[in-house]
Amino acid sequence: MRPITRNFVIGLIIVIVLLLVLGALPSYLGSGDPYYVTATPVEKNGPAVNGSVLSEQRFPYATAAIEQGRSEPYRTGRFGFKESFTHTPFDEFAAFRQRNAQATTDSVAFVAYNGTRYRVTITRERS
């Protein structure tokens, strides 16, 4: 193998490894107080996001909250680095607003799932 080709292949491998690290590393970084998505059943009628079409892969925080009452914690990263590379509960609420803007506010979304209407919120627990 020629030195130029070898150097190019080594450089390409280094770039690929760095891109993989940038994709995986942010999910392990986290600082600050945790955010949780909580879901509580409500009796009030009104507009709601259709929860039966929400997948666990696309909406892991909201589906966990509906099934268990509260999701796993989400911690923000420093300097906004983590949020650029990972899925956040805030992304899910943005998707809720796109699906049904009348069923959401800045911090609350109403989701209908299996005949029950849930009030889904993002809460921050202070340490």
Side-chain angles (χ1 to χ4, degrees):
M1 186 181 274
R2 298 176 78 190
I4 292 175
T5 305
R6 185 189 73 227
N7 291 342
F8 175 76
V9 170
I10 290 171
L12 185 62
I13 289 171
I14 290 171
V15 168
I16 290 171
V17 168
L18 286 174
L19 288 174
L20 288 172
V21 167
L22 282 176
L25 182 63
S27 63
Y28 296 110
L29 299 175
S31 63
D33 297 327
Y35 289 89
Y36 293 93
V37 176
T38 57
T40 53
V42 293
E43 297 295 323
K44 182 179 165 187
N45 289 330
V49 175
N50 183 2
S52 62
V53 297
L54 302 180
S55 72
E56 286 185 34
Q57 288 137 352
R58 174 77 170 91
F59 297 91
Y61 294 102
T63 55
I66 289 170
E67 292 172 1
Q68 302 164 5
R70 186 165 110 166
S71 70
E72 293 292 319
Y74 171 78
R75 294 183 185 271
T76 59
R78 292 189 178 154
F79 314 115
F81 178 74
K82 179 179 178 182
E83 291 81 7
S84 301
F85 291 96
T86 60
H87 179 76
T88 70
F90 308 107
D91 296 334
E92 294 182 14
F93 271 67
F96 289 154
R97 278 190 287 282
Q98 289 177 345
R99 289 174 184 243
N100 189 344
Q102 296 174 340
T104 62
T105 65
D106 288 338
S107 59
V108 176
F110 291 95
V111 178
Y113 182 74
N114 284 344
T116 305
R117 190 166 182 258
Y118 293 91
R119 182 178 190 268
V120 181
T121 59
I122 298 176
T123 57
R124 182 177 185 181
E125 281 191 13
R126 304 257 179 212
S127 312

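Considering only residues two or more places apart in sequence or on other chains, T38 meets the side-chain hydrogen bond (donor to acceptor under 3.5 Å, both in side chains) condition with T121. Not counting sequence neighbours, the partners of R2 by the side chain to side chain contact (heavy atoms under 4.5 Å, CB included) test are T5. Partners of T105 according to the side chain to side chain contact (heavy atoms under 4.5 Å, CB included) rule, which considers only residues two or more places apart in sequence or in another chain, are S107, V108. When the ring-ring contact (aromatic ring centres under 6.0 Å, His included) test is applied to F8, no partner is found at least two apart in sequence or on another chain. Judged as a salt bridge (charged side-chain N to carboxylate O under 4.0 Å, His left out), and not counting sequence neighbours, the contacts of R70 are E125.
Between the N7 side chain and the I4 main chain, no donor and acceptor come within less than 3.5 Å of each other.
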With side chain to side chain contact (heavy atoms under 4.5 Å, CB included) as the test, would you mind laying out the steps for I66 and T63 before giving the verdict? CA-CA 5 Å; I66 289 170; T63 55; 5.8 Å; no

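Residues E92 and A62 share a closest heavy-atom pair of OE1-N, 2.8 Å. Nearest heavy atom pair, residue P89 against residue V37, reads CB-CG2, 3.6 Å. Here the shortest heavy-atom pairing between S71 and Y36 reads O-CD2, 3.2 Å.
For the ring-ring contact (aromatic ring centres under 6.0 Å, His included) condition, the pairs that include at least one residue of residues 96-124, sequence neighbours left out, are F59-F96, F93-F96.
Checked against the 6.0 Å centroid threshold, Y35 and F90 count as a close aromatic pair.
Few gaps surround CD on E67; more than 12 heavy atoms of other groups in view lie less than 6.0 Å from it. In R97, the CZ atom is crowded: over 12 heavy atoms of neighbouring residues, nucleotides or ligands sit closer than 6.0 Å.
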Name every donor-acceptor pair, under 3.5 Å, that has one atom in a side chain of residues 41-57 and the other anywhere in the protein, sequence neighbours excluded.
from	atom 1	to	atom 2	distance (Å)
N50	OD1	S52	N	3.1
N50	OD1	S52	OG	2.6
S55	OG	R58	N	3.1

